[in-house]
Colleague: 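My structure is below; once you've seen it, I'll send some questions.
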Amino acid sequence: MRDYEKPEVIGATDLCEGVYAASGAAEAGQRELVCQSQYMQGVWHRPNTYTPGLDQEPVITRRGCEGCSADDGDGCKILKGKTDDLNREGVFKPTWEQQGMNPDTEVW
């Protein structure tokens, strides 16, 4: 890159940050699909719905990738390359992370 291109600043109410600097970003609906979880980091985790002898477990173990837009119940559609049927505006992180929990939060 030899020439500086000033980023376009757009006020957006549907983003956590409130401001999004789009400097050469893909068009809406055309963005690359990637895992958005800061804890899963692109690795699919199967939910552990039953563990004998344990009442509570860390949420990352108990619920895994449950609730992620790319979770198909048997793996991650992004990792499998099956992104054609995914909603590109989906949230690609587990429900528990969307709710603000950290991986060590104990759940039933």
Side-chain angles (χ1 to χ4, degrees):
M1 262 179 101
R2 303 180 99 199
D3 299 320
Y4 173 76
E5 293 181 29
K6 186 175 180 179
E8 178 182 352
V9 177
I10 303 168
T13 59
D14 61 335
L15 298 174
C16 295
E17 293 84 8
V19 176
Y20 173 72
S23 56
E27 300 273 331
Q30 302 255 335
R31 65 185 175 109
E32 180 183 355
L33 297 177
V34 295
C35 179
Q36 298 169 343
S37 173
Q38 66 179 355
Y39 303 114
M40 299 305 194
Q41 299 179 346
V43 177
W44 183 75
H45 293 259
R46 178 183 305 276
N48 183 10
T49 55
Y50 179 71
T51 303
L54 291 179
D55 292 331
Q56 289 187 326
E57 287 184 302
V59 71
I60 194 168
T61 304
R62 177 67 71 172
R63 300 212 180 119
C65 288
E66 182 179 283
C68 174
S69 296
D71 182 25
D72 69 0
D74 191 34
C76 176
K77 290 181 182 179
I78 296 172
L79 294 176
K80 293 178 179 180
K82 297 180 179 180
T83 58
D84 292 340
D85 60 339
L86 285 176
N87 175 4
R88 293 195 170 279
E89 302 306 318
V91 180
F92 300 104
K93 56 183 162 183
T95 303
W96 58 265
E97 187 175 350
Q98 295 174 42
Q99 295 170 341
M101 294 184 201
N102 67 48
D104 299 325
T105 302
E106 294 283 320
V107 294
W108 295 96

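Along the sequence shown, the residues carry numbers beginning at 1.
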Colleague: To the closest 0.5 Å, what do you measure between CD1 (Ile60) and CE (Met101)?
Modeller: 13.0 Å
Colleague: At what distance, to the nearest 0.5 angstrom, does CD of Gln38 lie from NZ of Lys93?
Modeller: 7.0 Å
Colleague: To check you understand the geometry: which heavy-atom pair defines the closest contact between Lys77 and Asp85, and what is its length?
Modeller: NZ-OD2, 3.5 Å
Colleague: Restricting to non-hydrogen atoms, name the atom on His45 and the atom on Met40 that form the minimum distance, rounded to 0.1 Å.
Modeller: CD2-SD, 3.0 Å
Colleague: Please check this pair: side chain of Gln36 against backbone of Phe92, looking for a donor-acceptor N/O pair closer than 3.5 Å.
Modeller: yes
Colleague: What's the spacing between Gln98 CD and Ser37 OG if we round to 0.5 Å?
Modeller: 9.5 Å
Colleague: With the side chain counted from C-beta on, respond yes when Pro58 and Glu106 share a heavy-atom pair under 4.5 Å apart, and no when they do not.
Modeller: yes
Colleague: Starting at CG of Leu79, measure out to SG of Cys65 and round the result to the nearest 0.5 Å.
Modeller: 8.5 Å
Colleague: Closest heavy-atom contact between Trp44 and Asp71?
Modeller: NE1-OD1, 2.9 Å
Colleague: Which heavy atom of Gly42 sits nearest to which heavy atom of Cys35, and what is that distance?
Modeller: N-SG, 3.4 Å
Colleague: What closest approach, in Å, do Leu86 and Ala70 show between heavy atoms, and which atom pair accounts for it?
Modeller: CD2-CA, 3.9 Å
Colleague: In Å and rounded to the nearest 0.5 Å, what is the CZ to OG1 distance from Arg63 to Thr61?
Modeller: 12.0 Å
Colleague: For Tyr39 and Glu97, work out which heavy atoms get closest and say how close.
Modeller: CD1-CD, 3.5 Å
Colleague: Does this structure show an ion pair linking Lys82 with Asp72, if we count only N-O contacts that are shorter than 4.0 Å?
Modeller: no
Colleague: Please examine the side chains of Trp96 and Pro103, heavy atoms only from C-beta on, and report whether any two atoms are closer than 4.5 Å.
Modeller: yes
Colleague: Return the CD to CG distance between Glu89 and Leu33, rounded to the nearest 0.5 Å.
Modeller: 9.5 Å
